[in-house]
Amino acid sequence: MLAEAMPVHGGEGAGAFARQFSEKYDTSAFSIRVASPDGEVLFFLERSEGEPIIFVTDPGHRMIGRITGTRDLVDGRRFRPRDAFLDVHEELLGTIVWEEQRWSTQTDAIKRHCDFVSADERHIGRFERGILRLDHRFPRPLHTLIVASPIIFHIRSGG
């Protein structure tokens with residue numbers, strides 16, 4: 001085990017089944033502590049009541065960054081819609097490129113696996129079948145955001 005994620009408060013979630021039939025996205029407040037096996041707090045995932053954005057904060061609750069969708073310009077660059085890693089200053093650190101799978105033309109595409117790409121367009125990692133693989137060492141903000149991303153994906157899916 002590399003780390004353990006434990007709710008500090010909130011974070012019940014509707015679950016994927018309930019979310020499938022829900023008319024709105026769960027925006028309840030929560031705080032999740034992620035700690036190493038020896039108990040050292042690595043970071044928190046936090047959301048304020050009524051806000052859709054999940055922030056990644058350091059052990060002192062200072063913001064590290066967040067994952068957000070990009071549709072227009074970020075840092076003067078235009079991207080097709082995808083998720084992006086932004087630091088505390090809203091600077092682009094990297095993007096998340098999803099592989100979508102569609103079972104038929106009548107169903108919505110499902111985001112199954114993703115690749116992580118740095119701001120300078122290098123492939124830096126992959127998340128597939130619950131396994132996070134990093135290809136390089138990174139500065140702390142990007143490293144922490146990538147490590148936090150599978151938990152954020154799970155929360156967004158209604159988990």
Side-chain angles (χ1 to χ4, degrees), residues 1-20 22 24-70 74-75 82-101 110-159:
M1 178 172 71
L2 299 176
E4 180 179 32
M6 296 294 299
V8 176
H9 72 81
E12 292 300 313
F17 182 77
R19 195 156 156 229
Q20 180 76 16
S22 177
K24 65 177 191 155
Y25 180 74
D26 176 18
T27 58
S28 58
F30 67 77
S31 178
I32 297 172
R33 180 185 69 240
V34 179
S36 66
D38 65 3
E40 176 190 359
V41 176
L42 303 173
F43 59 86
F44 288 91
L45 299 173
E46 300 180 301
R47 181 171 62 198
S48 299
E49 187 70 38
E51 293 293 325
I53 299 168
I54 300 169
F55 293 100
V56 180
T57 62
D58 68 13
H61 296 279
R62 292 176 299 274
M63 187 159 92
I64 294 170
R66 63 190 177 103
I67 296 175
T68 186
T70 63
V74 174
D75 247 4
R82 61 176 67 179
D83 289 325
F85 297 109
L86 299 179
D87 70 7
V88 67
H89 306 291
E90 296 291 304
E91 291 185 31
L92 178 70
L93 300 176
T95 57
I96 302 168
V97 181
W98 286 96
E99 290 180 20
E100 294 183 342
Q101 189 170 28
I110 298 170
K111 294 178 177 179
R112 303 291 287 181
H113 316 292
C114 65
D115 289 300
F116 302 114
V117 180
S118 66
D120 63 0
E121 300 183 10
R122 288 182 302 132
H123 184 269
I124 56 176
R126 181 165 178 80
F127 181 64
E128 182 174 9
R129 293 185 177 99
I131 298 171
L132 177 64
R133 189 190 82 235
L134 303 178
D135 295 339
H136 306 282
R137 290 187 177 260
F138 312 104
R140 184 170 167 261
L142 181 57
H143 179 85
T144 304
L145 290 169
I146 290 173
V147 170
S149 65
I151 304 168
I152 293 172
F153 301 155
H154 180 71
I155 293 167
R156 284 182 173 177
S157 73

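Note that this is a predicted model, so its numbers are computed, not measured. Along the sequence shown, residues are numbered consecutively beginning with 1.
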message: Under the rule for side-chain hydrogen bond (donor to acceptor under 3.5 Å, both in side chains), what residues qualify as partners of Thr144, not counting sequence neighbours?
response: none

- request: Locate the shortest heavy-atom distance separating Val34 from Ile151; write the atom from each residue and the value.
  value: CG2-CD1, 3.9 Å

- prompt: Does a side-chain heavy-atom distance below 4.5 Å link Phe85 with Ser149?
  reply: yes

task: Answer yes or no: is there a side-chain heavy-atom contact under 4.5 Å between Ile155 and Phe30?
output: yes

- prompt: Sequence neighbours excluded, which residues qualify as side-chain hydrogen bond (donor to acceptor under 3.5 Å, both in side chains) partners of Asp58?
  reply: Arg62

- prompt: Closest approach of Leu45 and Ala148, non-hydrogen atoms and distance?
  reply: CD2-CB, 3.9 Å

message: Arg126: which residues meet the side-chain hydrogen bond (donor to acceptor under 3.5 Å, both in side chains) condition with it, sequence neighbours left out?
response: Glu99, Asp115, Glu128

message: Checking Arg66 now: which residues fulfil side-chain hydrogen bond (donor to acceptor under 3.5 Å, both in side chains) with it, not counting sequence neighbours?
response: Thr68, Glu90

query: Say you draw a straight line from CD1 of Ile146 to CG of Asp135; how long is it, rounded to the nearest 0.5 Å?
result: 9.5 Å

statement: Output for pair (Ser118 OG, His123 NE2), nearest 0.5 Å, gives 10.0 Å

- line: Between the CZ atom in Arg140 and the CG atom in Leu145, the distance rounded to the nearest 0.5 Å is 9.5 Å

task: Name the orientation class of the two ring planes belonging to Phe116 and Phe153 (parallel below 30°, tilted from 30 to 60°, perpendicular beyond 60°).
output: parallel

query: With Val41, which residues qualify under side chain to side chain contact (heavy atoms under 4.5 Å, CB included), at least two apart?
result: Arg33, Phe44, Pro59

query: Going from CD1 on Ile54 to CD on Glu46, what distance comes out if it is rounded to the nearest 0.5 angstrom?
result: 11.0 Å

- prompt: Are any non-hydrogen side-chain atoms of Phe127 and Ile96 less than 4.5 angstrom apart?
  reply: no

field: By ring pair (Phe, Tyr, Trp, His ring centres under 6.0 Å) - contacts of Phe43 (at least two apart)
entry: none

- request: For the residue pair Leu86 and Leu92, establish whether any side-chain heavy-atom pair is separated by less than 4.5 Å.
  value: yes

message: I need the Asp87 CG to Ile64 CD1 distance, nearest 0.5 Å.
response: 11.0 Å

- request: Report the distance from atom CD1 of Ile67 to atom CD1 of Ile152, rounding to the nearest 0.5 Å.
  value: 4.0 Å

query: Do you know the tightest heavy-atom contact between Met63 and Phe55?
result: SD-CD2, 2.9 Å

